[in-house]
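The structure under discussion appears below in the form of structure tokens.
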Amino acid sequence: MRVRFAPSPTGALHIGGARTALFNWLLARHFDGTMVLRIEDTDRERSTPENVQQILDSLRWLELDWDEGPIMQTDRSERHGEALQALLDADLAYRSNATADDVKAYKQRHGAERGFRGEGEQGGAVRLRVPDGATVVHDAVRGDTRFEHVHMDDPVIARADGSVLYNFAVAIDDLDAQITHVVRGEDHLSNTPKQLLVLEAAKAVGFGDGAPLPQYAHLPLLHGPDGKKLSKRHGAASVGELRDAGYLPAAVRNYLALLGWGAGDDQTVLSTPELVERFTLDSVSRNPARFDEVKLKWLNGVYIRALGVKDLVERVGEYLDANGHAGFRGDPRFARAVEISQEKIHTLADFWALSGPLLAGPVDDAKARERWLGPQGVAVLAQERAALAQAASFDEAAVAQTLEALVSSLSVKPREVYQPLRVATTGTTVSPGIFESVALLGREETLRRVDAALSRR
RNA sequence: GCCGCUAUCGUCCAGGGGACUAGGACGCCGCCCUCUCAUGGCGGAAACCCGGGUUCGAAUCCCGGUAGCGGUACCA
């Protein structure tokens with residue numbers, strides 16, 4: 001089995017492309033096949049080297065590796081030229097100056113459902129001659145779909161200057177790379193008969209070494225949460241944005257696998273080895289799916305909780321370094337801060353929101369202060385300060401014991417004691433467990449923050 | 001317009017003639033746990049697009065409609 005992922009570098013790799021890459025990769029790994037990466041950069045206006053780099057980076061971040069390539073399609077223009085000339089020589093293709101208006105006029109004369117047929121001319125773009133008959137696409141996901149040639153325009157396969165177009169290049173490249181399975185988005189289904197025709201024509205003039213035609217599988221499209229089409233042309237969620245939002249590659253792979261595919265036994269949390277083991281094309285769904293970040297977030301939380309503490313510390317550290325909070329991983333309290341945050345965060349980005357104040361100092365949340373550091377709260381806080389200052393030791397157990405003793409001696413609700421302390425030390429009402437947090441800060445820092453809060457009034 | 005694809009809870013995925021009182025997950029609601037937020041546990045609401053047909057029997061097969069989407073580019 002030889003599969004390929006063939007993105008066009010006209011924008012960032014978005015999640016639809018990532019899903020296609022993933023499915024190809026899963027298939028290649030499942031069947032011990034070969035994954036070819038090809039960059040389809042024949043769009044002269046919109047392809048950029050930056051986008052190529054971005055796509056490669058995204059694939060690497062997703063940990064989807066490839067066995068051959070990246071092959072740049074434009075590097076193959078000589079080969080494309082040969083194939084094109086061979087088709088021209090065999091009269092399987094012809095030059096034509098027909099414009100879009102000419103095509104329209106043709107349909108006016110022959111009927112809207114009639115495909116355009118041109119006359120061979122001296123110069124102009126190259127069109128493929130569409131023969132009579134029909135092409136049946138045998139799709140691994142959708143079954144057979146029949147396309148009557150009579151409805152199909154003779155497709156333009158190259159510009160007048162000889163530079164080739166997508167439907168031609170893709171067919172020649174798949175043929176030369178001996179691709180056995182073409183797995184891509186459903187938006188290509190309607191193009192498939194054209195590519196099949198190119199393939200057949202190319203084979204007829206001796207290209208492809210008699211290799212069999214590839215099998216096709218068209219994946220359902222991915223839509224945004226609003227149900228609208230999700231693509232780079234509409235500002236979709238890119239893989240880079242997922243990384244910046246603090247998602248884990250393994251969680252993204254798991255989530256993406258669930259879009260258009262299911263394990264069949266209702267299992268939703270599947271490690272990558274499990275995905276590789278269980279993924280096949282015949283369990284791919286035919287329905288378009290929506291990208292639901294809420295579910296991704298939940299899944300990411302599952303993966304974060306499953307991580308070893310050391311691993312999570314490393315990842316949070318890297319994330320902080322790359323996202324505006326560099327340096328904090330050097331803090332001796334950092335590892336413990338991550339540890340006590342683990343079950344409370346869903347993304348790497350959540351760490352800073354939850355526990356940043358522990359490391360960087362309290363934030364200023366006026367509402368929190370009003371609610372918990374009024375006259376009552378401050379009175380309790382003062383007693384807490386005294387108790388903590390005298391605690392025999394300052395580990396988590398000692399802190400807990402000290403504060404719990406205060407709760408019972410004051411006979412108030414626990415939160416009447418804990419929340420003022422939390423607001424005093426972090427500035428806000430949400431943080432990891434108060435005992436853990438205070439123990440992490442240590443006696444000196446805790447008392448300093450409490451004093452600052454007390455003197456603020 | 002023409003050609004094509006698709007149609008099950010709000011979302012994703014099962015179910016593909018009787019096992020369906022339609023299953024699981026996210027989300028939502030309630031309860032429990034609880035120092036906040038989470039996690040965890042328990043329970044609940046929530047769907048077969050519409051109309052015909054085939055059949056003893058249709059979510060499932062067929063036809064039509066509708067809707068969504070894709071293609072119809074000298075984009076990919």
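Naming: A, B, ... by sequence-line order, numbering from 1 per chain.
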Measure from [atom1] on [X] to [atom2] on [N] and round the result to the nearest Å.
X	N	atom1	atom2	value
Met152(A)	rC2(B)	CE	P	18 Å
Leu165(A)	rA73(B)	CG	P	12 Å
Arg286(A)	rU60(B)	CZ	P	13 Å
Trp298(A)	rC37(B)	CH2	P	22 Å

Check if the side chain of [X] and the base of [N] share a donor-acceptor pair of N or O atoms closer than 3.5 Å.
X	N	answer
Lys104(A)	rU72(B)	no
Arg142(A)	rC5(B)	no
Asp266(A)	rG23(B)	yes
Asn191(A)	rA76(B)	yes
Arg290(A)	rC12(B)	no
Thr268(A)	rG24(B)	no

Categorize [X] for me: base, sugar-phosphate, or nothing, with a 4.0 angstrom heavy-atom threshold over every strand shown.
X	answer
Thr425(A)	nothing
Ile434(A)	base
Ser47(A)	nothing
Asp153(A)	sugar-phosphate
Thr145(A)	sugar-phosphate

Taking only N and O in the side chain of Thr42(A), is any of them less than 4.0 Å away from OP1 or OP2 of rA76(B)? yes
Look through every strand shown and name the nucleotide pairing with [N] as Watson-Crick or G-U wobble, where both distances are under 3.5 Å.
N	answer
rC20(B)	none
rC28(B)	rG44(B)
rU6(B)	rA67(B)

If you measure from the C1' atom in rU11(B) to the same atom in rG4(B), how many Å do you get, rounded? 26 Å
Nearest 0.5 Å, what's the CG-CD distance between Asn254(A) and Gln267(A)? 9.0 Å
Between the side chains of Glu370(A) and Lys367(A), is the shortest nitrogen-to-carboxylate-oxygen separation below 4.0 Å, so that they form an ion pair? no
